[in-house]
Amino acid sequence: MSVKPSLPKGTRDMLPETMLRREYIIDHLKEVFKKYGFAPIETPAMENLSTLTGKYGEEGDRLIFKLLRSGDFLSHADGKSLADKDSSAVLGAISNKALRYDLTVPFARFVVQNQNEIQFPFKRYQVQPVWRADRPQKGRFTEFYQCDADAVGSDSLLLELDFIRIYKEAFQKLKVPVIIKINNRKLLAGIAESLGINNRLGDFTIALDKLDKIGLQGVQKELKDRGFEAEAIEGIARIAALSGNNSEQLAQIEELVKSSEIGNRGVEELRFVLEHVDKDTPLQLDLTLARGLDYYTGAIFEVVAPDVNLGSVGGGGRYDDLTAIFGMKGLSGIGISFGLDRIYLAMEELDLFPDMEAEGTEVLFVNFGLEESLYALKLANELRDLRVKAEVYPDSAKLKKQMDFANRKNIPYVVLIGTHEIEKGSFALKHMHSGEQSNMSRVELLQHFSQNIPSEYGRH
RNA sequence: GUGGUUGUAGCUCAGUUGGUUAGAGCGCCUGAUUGUGGUUCAGGAGGUCGUGGGUUCGAGACCCAUCUUCCACCCCA
(Lines give C-alpha, C1' and ligand atoms only; values in the text may rest on other atoms or scores of the structure.)
Protein backbone atom coordinates (compact mmCIF):
# COMPACT_ATOMS: atom_id res chain seq x y z
CA MET A 1 0.00 0.00 0.00
CA SER A 2 1.69 3.16 -1.15
CA VAL A 3 1.08 6.66 0.14
CA LYS A 4 0.37 9.39 -2.33
CA PRO A 5 3.42 11.63 -2.20
CA SER A 6 2.63 15.07 -0.92
CA LEU A 7 4.11 17.96 1.03
CA PRO A 8 2.74 20.09 3.85
CA LYS A 9 1.22 23.23 2.47
CA GLY A 10 3.53 26.13 1.86
CA THR A 11 6.62 23.92 1.56
CA ARG A 12 8.43 22.98 -1.63
CA ASP A 13 11.00 20.64 -3.09
CA MET A 14 13.93 22.34 -4.74
CA LEU A 15 15.02 20.88 -8.08
CA PRO A 16 18.62 21.11 -9.25
CA GLU A 17 17.88 23.94 -11.67
CA THR A 18 16.25 25.92 -8.88
CA MET A 19 19.02 25.17 -6.43
CA LEU A 20 21.72 26.35 -8.80
CA ARG A 21 19.92 29.65 -9.08
CA ARG A 22 19.36 29.89 -5.35
CA GLU A 23 23.03 29.19 -4.76
CA TYR A 24 23.86 31.87 -7.26
CA ILE A 25 21.98 34.38 -5.10
CA ILE A 26 23.37 33.04 -1.83
CA ASP A 27 26.95 33.06 -3.13
CA HIS A 28 26.65 36.71 -4.07
CA LEU A 29 25.18 37.63 -0.71
CA LYS A 30 27.85 35.74 1.21
CA GLU A 31 30.55 37.39 -0.80
CA VAL A 32 29.22 40.81 0.17
CA PHE A 33 28.71 39.84 3.82
CA LYS A 34 32.28 38.60 4.10
CA LYS A 35 33.63 41.72 2.48
CA TYR A 36 32.10 43.81 5.24
CA GLY A 37 33.55 41.65 8.00
CA PHE A 38 30.73 39.25 8.76
CA ALA A 39 31.41 35.62 9.67
CA PRO A 40 29.01 32.71 9.28
CA ILE A 41 27.15 30.96 12.07
CA GLU A 42 24.23 28.57 12.27
CA THR A 43 21.67 27.90 14.95
CA PRO A 44 19.29 24.94 15.38
CA ALA A 45 16.01 24.79 13.49
CA MET A 46 14.21 24.68 16.82
CA GLU A 47 14.43 26.89 19.85
CA ASN A 48 12.83 26.72 23.24
CA LEU A 49 9.35 28.14 22.92
CA SER A 50 10.08 30.71 25.63
CA THR A 51 12.98 32.05 23.55
CA LEU A 52 10.66 32.99 20.73
CA THR A 53 7.38 34.08 22.27
CA GLY A 54 6.74 37.74 22.87
CA LYS A 55 9.34 39.05 20.43
CA TYR A 56 7.30 39.39 17.27
CA GLY A 57 4.15 41.11 18.42
CA GLU A 58 0.79 39.49 18.95
CA GLU A 59 0.38 38.58 15.28
CA GLY A 60 3.85 37.12 15.11
CA ASP A 61 3.39 34.90 18.15
CA ARG A 62 0.36 33.35 16.53
CA LEU A 63 2.45 32.34 13.52
CA ILE A 64 5.15 30.50 15.49
CA PHE A 65 5.24 26.78 14.72
CA LYS A 66 5.01 24.97 18.03
CA LEU A 67 6.51 21.52 18.41
CA LEU A 68 4.86 18.87 20.52
CA ARG A 69 6.70 17.58 23.56
CA SER A 70 7.69 13.98 23.28
CA GLY A 71 6.11 11.27 25.36
CA ASP A 72 2.67 11.24 26.89
CA PHE A 73 2.34 15.01 26.96
CA LEU A 74 -1.40 15.14 27.55
CA SER A 75 -1.00 13.51 30.96
CA HIS A 76 0.73 16.69 32.17
CA ALA A 77 -1.95 19.00 30.84
CA ASP A 78 -4.43 20.67 33.12
CA GLY A 79 -7.67 18.70 33.00
CA LYS A 80 -9.94 21.68 33.12
CA SER A 81 -8.15 23.51 30.33
CA LEU A 82 -8.31 20.36 28.25
CA ALA A 83 -12.02 19.97 28.89
CA ASP A 84 -12.59 23.61 28.05
CA LYS A 85 -10.57 23.17 24.85
CA ASP A 86 -8.53 26.17 25.92
CA SER A 87 -5.58 25.89 23.55
CA SER A 88 -3.47 28.65 25.04
CA ALA A 89 -3.86 27.23 28.56
CA VAL A 90 -2.69 23.76 27.56
CA LEU A 91 0.07 25.01 25.28
CA GLY A 92 2.77 25.02 27.94
CA ALA A 93 2.00 21.45 28.90
CA ILE A 94 2.06 20.04 25.41
CA SER A 95 4.77 22.17 23.78
CA ASN A 96 8.09 23.57 24.91
CA LYS A 97 9.88 23.94 21.60
CA ALA A 98 9.20 25.77 18.37
CA LEU A 99 10.65 26.19 14.90
CA ARG A 100 12.53 29.42 14.47
CA TYR A 101 10.45 32.31 13.17
CA ASP A 102 13.34 34.47 12.08
CA LEU A 103 17.10 34.54 12.46
CA THR A 104 17.40 37.64 14.63
CA VAL A 105 15.93 36.42 17.90
CA PRO A 106 17.85 33.11 17.83
CA PHE A 107 20.94 35.22 17.11
CA ALA A 108 20.33 37.34 20.21
CA ARG A 109 20.02 34.13 22.22
CA PHE A 110 23.22 32.87 20.57
CA VAL A 111 25.15 36.02 21.44
CA VAL A 112 24.28 35.88 25.11
CA GLN A 113 24.86 32.17 25.39
CA ASN A 114 28.22 32.28 23.59
CA GLN A 115 29.40 35.66 24.87
CA ASN A 116 32.71 34.26 26.10
CA GLU A 117 33.45 32.69 22.74
CA ILE A 118 32.96 35.74 20.55
CA GLN A 119 34.51 39.18 20.15
CA PHE A 120 32.43 42.32 20.28
CA PRO A 121 31.34 44.06 18.19
CA PHE A 122 30.24 40.72 16.82
CA LYS A 123 29.23 40.54 13.20
CA ARG A 124 27.71 37.43 11.76
CA TYR A 125 25.83 36.31 8.72
CA GLN A 126 23.43 33.40 8.63
CA VAL A 127 21.60 31.71 5.78
CA GLN A 128 18.96 29.30 7.03
CA PRO A 129 15.28 28.47 6.67
CA VAL A 130 12.63 29.90 8.95
CA TRP A 131 9.05 28.76 9.42
CA ARG A 132 5.82 30.62 9.80
CA ALA A 133 2.35 29.15 10.28
CA ASP A 134 0.95 31.55 7.74
CA ARG A 135 -1.35 30.95 4.82
CA PRO A 136 0.80 30.69 1.74
CA GLN A 137 0.23 33.01 -1.20
CA LYS A 138 2.30 34.81 -3.77
CA GLY A 139 5.82 35.22 -2.42
CA ARG A 140 4.79 33.83 0.94
CA PHE A 141 5.72 30.40 2.15
CA THR A 142 5.48 28.31 5.29
CA GLU A 143 9.15 27.49 4.98
CA PHE A 144 11.50 30.03 3.47
CA TYR A 145 15.10 31.17 3.64
CA GLN A 146 16.40 34.28 5.22
CA CYS A 147 19.92 35.56 4.64
CA ASP A 148 20.74 37.80 7.58
CA ALA A 149 23.65 39.95 8.57
CA ASP A 150 23.70 41.45 12.06
CA ALA A 151 26.16 43.32 14.23
CA VAL A 152 25.87 43.56 18.01
CA GLY A 153 27.91 45.42 20.53
CA SER A 154 27.98 48.87 19.02
CA ASP A 155 25.46 51.66 18.65
CA SER A 156 27.57 53.46 16.08
CA LEU A 157 25.65 54.85 13.15
CA LEU A 158 28.54 53.76 10.94
CA LEU A 159 26.83 50.38 11.01
CA GLU A 160 23.65 51.87 9.62
CA LEU A 161 25.77 53.19 6.76
CA ASP A 162 27.40 49.80 6.26
CA PHE A 163 24.12 47.94 6.12
CA ILE A 164 22.60 50.35 3.66
CA ARG A 165 25.64 49.92 1.46
CA ILE A 166 25.41 46.14 1.77
CA TYR A 167 21.84 46.29 0.54
CA LYS A 168 22.85 48.55 -2.31
CA GLU A 169 25.80 46.45 -3.32
CA ALA A 170 24.08 43.09 -3.05
CA PHE A 171 21.12 44.06 -5.19
CA GLN A 172 23.39 45.79 -7.67
CA LYS A 173 25.37 42.57 -8.06
CA LEU A 174 22.16 40.64 -8.62
CA LYS A 175 20.98 43.37 -11.01
CA VAL A 176 17.67 43.73 -9.17
CA PRO A 177 16.50 47.34 -9.12
CA VAL A 178 15.35 48.18 -5.60
CA ILE A 179 14.34 51.01 -3.35
CA ILE A 180 15.71 50.95 0.16
CA LYS A 181 13.18 52.52 2.48
CA ILE A 182 14.36 53.90 5.77
CA ASN A 183 12.63 55.23 8.84
CA ASN A 184 13.39 55.47 12.51
CA ARG A 185 11.41 54.17 15.44
CA LYS A 186 12.60 57.04 17.61
CA LEU A 187 11.11 59.45 15.15
CA LEU A 188 7.86 57.51 15.13
CA ALA A 189 7.87 57.59 18.93
CA GLY A 190 8.49 61.33 18.76
CA ILE A 191 5.56 61.82 16.43
CA ALA A 192 3.35 59.85 18.78
CA GLU A 193 4.61 61.86 21.72
CA SER A 194 3.93 65.15 19.96
CA LEU A 195 0.44 64.01 19.16
CA GLY A 196 -0.14 62.91 22.74
CA ILE A 197 -0.63 59.25 21.91
CA ASN A 198 2.67 57.72 22.95
CA ASN A 199 0.91 54.92 24.78
CA ARG A 200 -0.70 53.81 21.53
CA LEU A 201 2.29 53.92 19.24
CA GLY A 202 1.61 50.40 17.96
CA ASP A 203 -1.91 51.07 16.71
CA PHE A 204 -0.82 54.40 15.30
CA THR A 205 2.06 53.00 13.27
CA ILE A 206 -0.05 50.13 11.96
CA ALA A 207 -2.54 52.65 10.63
CA LEU A 208 0.24 54.90 9.35
CA ASP A 209 1.78 51.99 7.53
CA LYS A 210 -1.31 51.70 5.36
CA LEU A 211 -1.10 55.24 4.06
CA ASP A 212 0.07 54.28 0.57
CA LYS A 213 -2.48 51.49 0.40
CA ILE A 214 -5.75 52.98 1.61
CA GLY A 215 -4.91 56.68 1.37
CA LEU A 216 -5.12 59.47 3.88
CA GLN A 217 -8.87 59.32 4.29
CA GLY A 218 -8.78 55.58 4.86
CA VAL A 219 -6.13 55.91 7.52
CA GLN A 220 -7.96 58.76 9.20
CA LYS A 221 -11.13 56.71 9.27
CA GLU A 222 -9.25 53.80 10.78
CA LEU A 223 -7.72 56.02 13.44
CA LYS A 224 -11.15 57.42 14.23
CA ASP A 225 -12.58 53.91 14.49
CA ARG A 226 -9.78 53.00 16.84
CA GLY A 227 -10.74 55.93 19.03
CA PHE A 228 -7.92 58.34 18.33
CA GLU A 229 -8.34 62.05 19.15
CA ALA A 230 -8.67 64.73 16.51
CA GLU A 231 -5.09 65.82 17.14
CA ALA A 232 -3.72 62.48 15.99
CA ILE A 233 -6.01 62.42 12.99
CA GLU A 234 -4.82 65.86 11.98
CA GLY A 235 -1.25 64.92 12.63
CA ILE A 236 -1.38 62.10 10.17
CA ALA A 237 -2.53 64.54 7.52
CA ARG A 238 0.64 66.53 8.10
CA ILE A 239 2.72 63.41 7.62
CA ALA A 240 0.86 62.57 4.44
CA ALA A 241 1.45 66.11 3.20
CA LEU A 242 5.23 65.86 3.45
CA SER A 243 6.91 66.66 0.17
CA GLY A 244 10.29 67.06 -1.44
CA ASN A 245 13.42 64.96 -1.24
CA ASN A 246 14.57 63.01 1.80
CA SER A 247 16.23 65.85 3.68
CA GLU A 248 13.42 68.28 2.87
CA GLN A 249 10.89 65.87 4.30
CA LEU A 250 13.08 65.37 7.32
CA ALA A 251 13.21 69.13 7.90
CA GLN A 252 9.44 69.31 7.76
CA ILE A 253 8.94 66.47 10.19
CA GLU A 254 11.49 68.01 12.51
CA GLU A 255 9.08 70.89 12.99
CA LEU A 256 6.37 68.50 14.06
CA VAL A 257 8.44 66.67 16.66
CA LYS A 258 10.64 69.48 17.95
CA SER A 259 9.06 69.31 21.39
CA SER A 260 9.92 65.64 21.73
CA GLU A 261 13.36 64.64 22.89
CA ILE A 262 13.19 61.16 21.42
CA GLY A 263 11.77 62.56 18.21
CA ASN A 264 14.75 64.88 17.88
CA ARG A 265 17.12 61.98 18.40
CA GLY A 266 15.39 60.15 15.61
CA VAL A 267 15.73 63.15 13.34
CA GLU A 268 19.41 63.44 14.19
CA GLU A 269 20.08 59.82 13.44
CA LEU A 270 18.28 59.97 10.14
CA ARG A 271 20.03 63.18 9.19
CA PHE A 272 23.42 61.62 9.89
CA VAL A 273 22.62 58.64 7.74
CA LEU A 274 21.18 60.70 4.89
CA GLU A 275 24.22 62.96 4.95
CA HIS A 276 26.85 60.26 4.79
CA VAL A 277 25.30 57.60 2.64
CA ASP A 278 26.67 57.13 -0.91
CA LYS A 279 24.97 59.63 -3.14
CA ASP A 280 23.91 57.01 -5.68
CA THR A 281 22.02 54.94 -3.09
CA PRO A 282 18.34 54.38 -3.92
CA LEU A 283 17.44 55.37 -0.38
CA GLN A 284 14.01 56.72 0.38
CA LEU A 285 12.89 58.19 3.65
CA ASP A 286 9.46 56.77 4.33
CA LEU A 287 7.71 58.00 7.44
CA THR A 288 4.95 55.46 6.94
CA LEU A 289 7.36 52.56 7.29
CA ALA A 290 6.65 50.96 10.65
CA ARG A 291 7.47 47.21 10.63
CA GLY A 292 5.67 44.87 12.92
CA LEU A 293 8.50 43.37 14.89
CA ASP A 294 8.47 44.60 18.44
CA TYR A 295 12.18 44.68 19.06
CA TYR A 296 13.21 47.52 16.74
CA THR A 297 14.20 50.77 18.46
CA GLY A 298 16.10 52.91 15.95
CA ALA A 299 16.61 52.79 12.21
CA ILE A 300 14.28 50.49 10.32
CA PHE A 301 14.71 49.33 6.75
CA GLU A 302 12.63 47.72 4.12
CA VAL A 303 13.70 46.89 0.58
CA VAL A 304 11.19 46.67 -2.23
CA ALA A 305 11.63 45.75 -5.87
CA PRO A 306 9.27 48.21 -7.56
CA ASP A 307 9.29 46.34 -10.90
CA VAL A 308 7.72 43.28 -9.32
CA ASN A 309 4.41 42.91 -7.58
CA LEU A 310 5.74 41.27 -4.47
CA GLY A 311 6.10 42.04 -0.80
CA SER A 312 9.41 43.37 0.43
CA VAL A 313 12.58 41.50 -0.52
CA GLY A 314 14.42 42.57 2.59
CA GLY A 315 14.00 44.23 5.94
CA GLY A 316 15.83 45.06 9.10
CA GLY A 317 16.69 47.61 11.69
CA ARG A 318 18.34 48.60 14.93
CA TYR A 319 17.40 46.86 18.15
CA ASP A 320 18.92 48.40 21.26
CA ASP A 321 18.14 45.78 23.80
CA LEU A 322 17.13 42.46 22.33
CA THR A 323 19.82 40.63 24.29
CA ALA A 324 18.51 42.03 27.57
CA ILE A 325 15.72 39.48 27.49
CA PHE A 326 18.39 36.81 27.67
CA GLY A 327 20.25 38.55 30.46
CA MET A 328 22.75 40.77 28.69
CA LYS A 329 21.95 44.45 28.97
CA GLY A 330 23.25 47.45 27.08
CA LEU A 331 24.16 45.61 23.93
CA SER A 332 22.85 47.40 20.88
CA GLY A 333 22.40 45.45 17.68
CA ILE A 334 21.45 46.13 14.12
CA GLY A 335 20.82 43.80 11.25
CA ILE A 336 19.23 43.23 7.91
CA SER A 337 17.56 40.32 6.24
CA PHE A 338 17.39 39.25 2.61
CA GLY A 339 14.33 37.22 1.61
CA LEU A 340 15.93 34.62 -0.61
CA ASP A 341 12.69 33.18 -1.97
CA ARG A 342 11.29 36.55 -2.92
CA ILE A 343 14.55 37.67 -4.49
CA TYR A 344 14.40 34.47 -6.50
CA LEU A 345 10.86 35.20 -7.65
CA ALA A 346 11.75 38.77 -8.54
CA MET A 347 14.81 37.69 -10.51
CA GLU A 348 12.84 35.03 -12.30
CA GLU A 349 10.13 37.49 -13.23
CA LEU A 350 12.70 40.02 -14.43
CA ASP A 351 14.67 37.31 -16.22
CA LEU A 352 17.90 38.16 -14.42
CA PHE A 353 19.43 34.72 -13.95
CA PRO A 354 22.52 34.02 -16.01
CA ASP A 355 22.91 30.83 -17.97
CA MET A 356 23.69 28.06 -15.50
CA GLU A 357 24.84 25.56 -18.13
CA ALA A 358 28.48 25.98 -17.14
CA GLU A 359 27.64 24.52 -13.72
CA GLY A 360 26.84 21.09 -15.12
CA THR A 361 28.91 18.17 -16.36
CA GLU A 362 31.22 18.99 -19.25
CA VAL A 363 32.10 15.51 -20.45
CA LEU A 364 30.19 12.28 -20.32
CA PHE A 365 32.03 9.02 -20.93
CA VAL A 366 29.84 6.44 -22.59
CA ASN A 367 29.79 3.05 -20.90
CA PHE A 368 30.25 0.07 -23.24
CA GLY A 369 30.85 -2.53 -20.54
CA LEU A 370 32.80 -3.11 -17.36
CA GLU A 371 36.29 -3.18 -18.83
CA GLU A 372 35.71 -0.22 -21.11
CA SER A 373 34.06 1.82 -18.35
CA LEU A 374 36.94 1.22 -15.93
CA TYR A 375 39.26 2.53 -18.61
CA ALA A 376 36.98 5.50 -19.11
CA LEU A 377 36.87 6.12 -15.38
CA LYS A 378 40.65 6.51 -15.26
CA LEU A 379 40.51 9.07 -18.01
CA ALA A 380 37.58 10.83 -16.33
CA ASN A 381 39.56 11.02 -13.09
CA GLU A 382 42.48 12.59 -14.92
CA LEU A 383 40.12 15.22 -16.25
CA ARG A 384 38.59 15.72 -12.81
CA ASP A 385 42.08 16.36 -11.46
CA LEU A 386 42.28 19.14 -14.05
CA ARG A 387 39.01 20.52 -12.57
CA VAL A 388 36.96 19.41 -15.55
CA LYS A 389 33.49 18.22 -14.59
CA ALA A 390 33.40 14.70 -15.92
CA GLU A 391 31.28 11.62 -15.34
CA VAL A 392 31.11 8.07 -16.60
CA TYR A 393 27.67 6.73 -17.33
CA PRO A 394 27.32 4.13 -14.57
CA ASP A 395 25.53 1.43 -16.53
CA SER A 396 26.27 -0.19 -19.83
CA ALA A 397 22.94 0.95 -21.22
CA LYS A 398 22.01 1.32 -24.83
CA LEU A 399 24.02 3.96 -26.56
CA LYS A 400 20.87 5.76 -27.57
CA LYS A 401 19.89 6.07 -23.94
CA GLN A 402 23.30 7.36 -22.91
CA MET A 403 23.38 9.92 -25.71
CA ASP A 404 19.90 10.98 -24.80
CA PHE A 405 21.01 11.42 -21.20
CA ALA A 406 23.85 13.71 -22.29
CA ASN A 407 21.48 15.61 -24.49
CA ARG A 408 18.94 16.20 -21.76
CA LYS A 409 21.48 17.18 -19.19
CA ASN A 410 22.98 19.60 -21.66
CA ILE A 411 26.39 17.99 -21.43
CA PRO A 412 28.44 19.53 -24.24
CA TYR A 413 30.90 16.67 -24.85
CA VAL A 414 30.64 12.90 -24.99
CA VAL A 415 33.61 10.55 -25.19
CA LEU A 416 33.19 7.07 -26.61
CA ILE A 417 35.63 4.43 -25.42
CA GLY A 418 35.10 0.88 -26.68
CA THR A 419 37.52 -2.02 -27.07
CA HIS A 420 38.49 -0.75 -30.48
CA GLU A 421 39.42 2.67 -29.11
CA ILE A 422 41.36 1.18 -26.21
CA GLU A 423 43.44 -0.91 -28.59
CA LYS A 424 44.26 2.04 -30.81
CA GLY A 425 44.62 4.51 -27.94
CA SER A 426 42.39 6.90 -29.82
CA PHE A 427 39.08 8.04 -28.47
CA ALA A 428 36.07 9.56 -30.13
CA LEU A 429 35.15 12.97 -28.79
CA LYS A 430 31.77 14.21 -29.86
CA HIS A 431 30.56 17.75 -29.51
CA MET A 432 26.87 17.41 -28.88
CA HIS A 433 25.80 20.81 -30.07
CA SER A 434 27.47 20.71 -33.49
CA GLY A 435 27.38 16.93 -33.83
CA GLU A 436 31.03 16.97 -34.88
CA GLN A 437 33.18 14.08 -33.85
CA SER A 438 36.93 13.59 -33.90
CA ASN A 439 39.42 11.02 -32.67
CA MET A 440 41.99 12.02 -30.08
CA SER A 441 44.75 10.43 -28.08
CA ARG A 442 44.66 10.56 -24.29
CA VAL A 443 47.04 13.52 -24.21
CA GLU A 444 45.13 15.37 -26.88
CA LEU A 445 41.96 14.84 -24.92
CA LEU A 446 43.46 16.18 -21.72
CA GLN A 447 44.84 19.15 -23.59
CA HIS A 448 41.55 19.84 -25.26
CA PHE A 449 39.82 20.19 -21.92
CA SER A 450 42.58 21.96 -20.04
CA GLN A 451 42.30 24.67 -22.68
CA ASN A 452 38.61 24.82 -21.99
CA ILE A 453 39.08 25.35 -18.27
CA PRO A 454 37.52 28.65 -17.29
CA SER A 455 40.03 31.43 -16.76
CA GLU A 456 39.01 31.92 -13.13
CA TYR A 457 40.65 28.58 -12.41
CA GLY A 458 43.39 28.97 -14.98
CA ARG A 459 45.24 31.84 -13.46
CA HIS A 460 46.58 31.66 -9.97
C1' G B 1 -7.26 33.95 11.51
C1' U B 2 -11.11 36.08 7.31
C1' G B 3 -12.83 35.77 2.13
C1' G B 4 -12.45 33.66 -2.67
C1' U B 5 -10.32 29.90 -5.99
C1' U B 6 -8.44 25.09 -7.63
C1' G B 7 -7.91 19.55 -7.93
C1' U B 8 -9.28 14.48 -14.17
C1' A B 9 -2.69 10.16 -17.04
C1' G B 10 4.23 11.92 -15.22
C1' C B 11 3.02 17.41 -17.09
C1' U B 12 -0.62 21.07 -19.31
C1' C B 13 -5.58 20.62 -19.87
C1' A B 14 -10.68 18.99 -22.51
C1' G B 15 -14.95 16.25 -20.76
C1' U B 16 -22.29 18.87 -23.39
C1' U B 17 -28.78 20.00 -18.97
C1' G B 18 -26.02 13.74 -14.64
C1' G B 19 -26.38 8.48 -19.16
C1' U B 20 -22.46 2.77 -22.27
C1' U B 21 -15.77 1.23 -22.12
C1' A B 22 -13.12 9.05 -19.31
C1' G B 23 -10.08 11.89 -24.00
C1' A B 24 -6.08 15.19 -26.36
C1' G B 25 -1.22 17.34 -26.66
C1' C B 26 3.42 16.84 -24.54
C1' G B 27 6.38 13.38 -21.86
C1' C B 28 7.55 8.03 -21.01
C1' C B 29 8.63 2.87 -22.98
C1' U B 30 9.62 -0.31 -27.50
C1' G B 31 11.00 -0.69 -32.56
C1' A B 32 12.64 1.34 -37.52
C1' U B 33 18.63 2.54 -36.20
C1' U B 34 22.15 -4.89 -32.15
C1' G B 35 28.42 1.45 -31.26
C1' U B 36 25.90 7.62 -32.10
C1' G B 37 21.42 12.14 -29.12
C1' G B 38 18.21 16.32 -30.90
C1' U B 39 14.15 15.33 -36.31
C1' U B 40 10.69 11.74 -38.38
C1' C B 41 7.59 7.30 -38.60
C1' A B 42 5.12 2.91 -36.35
C1' G B 43 3.46 0.61 -31.97
C1' G B 44 2.69 0.46 -26.52
C1' A B 45 2.12 1.37 -21.27
C1' G B 46 -0.22 4.63 -17.99
C1' G B 47 -6.29 7.25 -14.57
C1' U B 48 -10.40 3.58 -7.99
C1' C B 49 -11.50 11.67 -11.90
C1' G B 50 -7.75 14.83 -4.33
C1' U B 51 -10.15 12.06 -0.06
C1' G B 52 -14.60 10.62 2.81
C1' G B 53 -19.75 10.76 3.02
C1' G B 54 -24.56 11.84 0.59
C1' U B 55 -28.52 12.53 -3.46
C1' U B 56 -29.85 9.33 -7.79
C1' C B 57 -31.90 3.62 -11.46
C1' G B 58 -27.15 5.96 -12.80
C1' A B 59 -22.08 10.93 -10.42
C1' G B 60 -15.80 13.05 -13.19
C1' A B 61 -20.23 16.39 -13.28
C1' C B 62 -25.05 17.79 -8.12
C1' C B 63 -24.87 18.44 -2.29
C1' C B 64 -21.92 18.29 2.49
C1' A B 65 -17.32 17.70 4.93
C1' U B 66 -12.10 17.51 4.62
C1' C B 67 -7.26 18.06 2.48
C1' U B 68 -4.60 20.59 -1.35
C1' U B 69 -3.42 24.73 -5.04
C1' C B 70 -3.43 29.66 -6.21
C1' C B 71 -5.07 34.68 -4.90
C1' A B 72 -6.66 38.86 -1.74
C1' C B 73 -7.03 40.68 3.38
C1' C B 74 -4.37 40.61 8.09
C1' C B 75 0.63 40.43 8.74
C1' C B 76 5.26 39.79 6.68
C1' A B 77 10.77 37.97 3.80
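Letters A, B, ... are given to chains in the order of the sequence lines, protein chains preceding strands, and every chain is numbered from 1. From a predicted model like this one, the values you see are computed outputs, not experimental measurements.
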Of P8(A) and S312(A), the one whose closest RNA chain B nucleotide lies more 5'
P8(A)
How far apart are the C-alpha atoms of D155(A) and R318(A), what are their side-chain angles, what is the distance that settles it, and do they pass the salt bridge (charged side-chain N to carboxylate O under 4.0 Å, His left out) test?
CA-CA 9 Å; D155(A) 57 7; R318(A) 162 85 58 184; over 6 Å; no
For G60(A), report the nucleic acid contact type (base, sugar-phosphate, nothing); a contact means any heavy atom under 4.0 Å.
nothing
Strand partner of rA24(B), provided both Watson-Crick or wobble distances fall under 3.5 Å:
rU12(B)
Figure out the OH/P separation between Y101(A) and rC75(B), and round it to whole Å.
12 Å
Inter-nucleotide C1' distance (rC67(B), rU6(B)), Å rounded:
12 Å
Touch class at under 4.0 angstrom, heavy-atom based, for L416(A) against every strand present:
base
Looking at the rings of F144(A) and Y344(A), which for Trp means the six-membered one, are their centres under 6.0 Å apart?
no
Rounded to whole Å, the CG-P distance (L15(A) to rC11(B)) equals 13 Å
Atom CG of D13(A) to atom C1' of rU68(B): distance rounded to whole Å?
15 Å
Please report, rounded to the nearest Å, how far the P atom of rC75(B) is from the CG atom of L208(A).
13 Å
Quick one: M432(A) CE to rG37(B) P, roughly how many Å, whole number?
9 Å
Which listed nucleotide (rG35(B), rC75(B), rA77(B)) is nearest to the side chain of E421(A)?
rG35(B)
May I ask you to say what G418(A) touches in the nucleic acid, namely base, sugar-phosphate or nothing, with a heavy-atom cut-off under 4.0 Å?
base
Say we look at rC13(B) and rU17(B): how far apart would their P atoms be, to the nearest angstrom?
22 Å
Students often mix this up, so state it plainly: with edges at 30° and 60°, are the rings of F110(A) and F107(A) parallel, tilted or perpendicular?
parallel
For the C1' atoms, the ones on rU55(B) and on rC73(B), what distance do you get once it is rounded to whole angstrom?
36 Å
Applying a 3.5 Å limit to both distances, which nucleotide forms a Watson-Crick or G-U wobble pair with rC62(B)?
rG54(B)
Determine whether a donor-acceptor pair (one donor, one acceptor, N or O, separation below 3.5 Å) exists between the side chain of Q402(A) and the base of rU36(B).
no
Taking the side chain of L399(A) as its heavy atoms from C-beta onward, which of rC76(B), rG37(B), rU36(B) lies nearest to it?
rU36(B)
Nearest-angstrom distance, C1' atom, rU69(B) to rU5(B)
9 Å
Mind checking the P distance from rG7(B) to rG46(B)? Whole angstroms is fine.
26 Å
F301(A) CZ - rC76(B) P separation (whole Å):
17 Å
P atom, rC26(B) versus rG44(B): distance in rounded Å?
16 Å
With a 4.0 Å limit, can you tell me whether Q137(A) has a side-chain N or O closer than that to the phosphate oxygens OP1/OP2 of rC70(B)?
no
How far, in whole Å, is rA24(B) from rU34(B) if one measures between their C1' atoms?
35 Å
Assess the pair F365(A) and Y393(A): is the distance between their ring centroids shorter than 6.0 Å?
no
Is a donor-acceptor contact shorter than 3.5 angstrom present between the side chain of K430(A) and the base of rG37(B)?
yes
Any side-chain N or O of K9(A) less than 4.0 Å from the OP1 or OP2 oxygen of rU68(B)?
yes
Does NZ or CZ of R132(A) fall inside the cone over F65(A)'s six-membered ring, less than 6.0 Å from its centre and within 45° of the axis?
no
Nearest-angstrom distance, P atom, rU8(B) to rU30(B)
28 Å
Spacing of Q146(A) atom CD relative to rC76(B) atom C1', expressed in whole Å
10 Å
Below 3.5 Å, does any donor atom in the side chain of N407(A) face an acceptor in the base of rG37(B), or the other way round?
yes
Which part of the nucleic acid, if any, lies within contact of F141(A), taking any heavy atom under 4.0 Å across all strands shown: a base, the sugar-phosphate backbone alone, or nothing?
base
OP1 or OP2 of rG31(B) under 4.0 Å from side-chain N/O of K398(A)
yes
What does D341(A) touch in the nucleic acid at a heavy-atom separation under 4.0 angstrom: a base, only the sugar-phosphate, or nothing?
nothing
Option passing ring-ring contact (aromatic ring centres under 6.0 Å, His included) with F338(A) (candidates F163(A), F33(A), F301(A)):
F33(A)
Can a salt bridge be assigned to the pair E47(A) and R109(A) using a cut-off of 4.0 Å between side-chain N and carboxylate O?
yes
Counting side-chain heavy atoms from C-beta on, which of rG1(B), rC75(B), rC76(B) comes nearest to K210(A)?
rC75(B)
Within the structure shown, what part of the strands sits under 4.0 Å from G316(A) by heavy-atom distance: base, sugar-phosphate, or nothing?
nothing
Tell me whether the side-chain N or O atoms of R135(A) pair up with the base of rC71(B) as donor and acceptor below 3.5 Å, since no angle test is needed here.
no
In whole angstrom, give the distance that lies between atom CG of D134(A) and atom C1' of rC73(B).
11 Å
Is a salt bridge present between D280(A) and K168(A), judged by a nitrogen-to-oxygen distance below 4.0 Å?
yes
With the side chain defined as heavy atoms from C-beta on, R140(A) is closest, among rC73(B), rG31(B), rG37(B), to rC73(B)
Give a yes/no verdict on base stacking between rA77(B) and F144(A): centres under 5.5 Å, planes within less than 30° of parallel.
yes
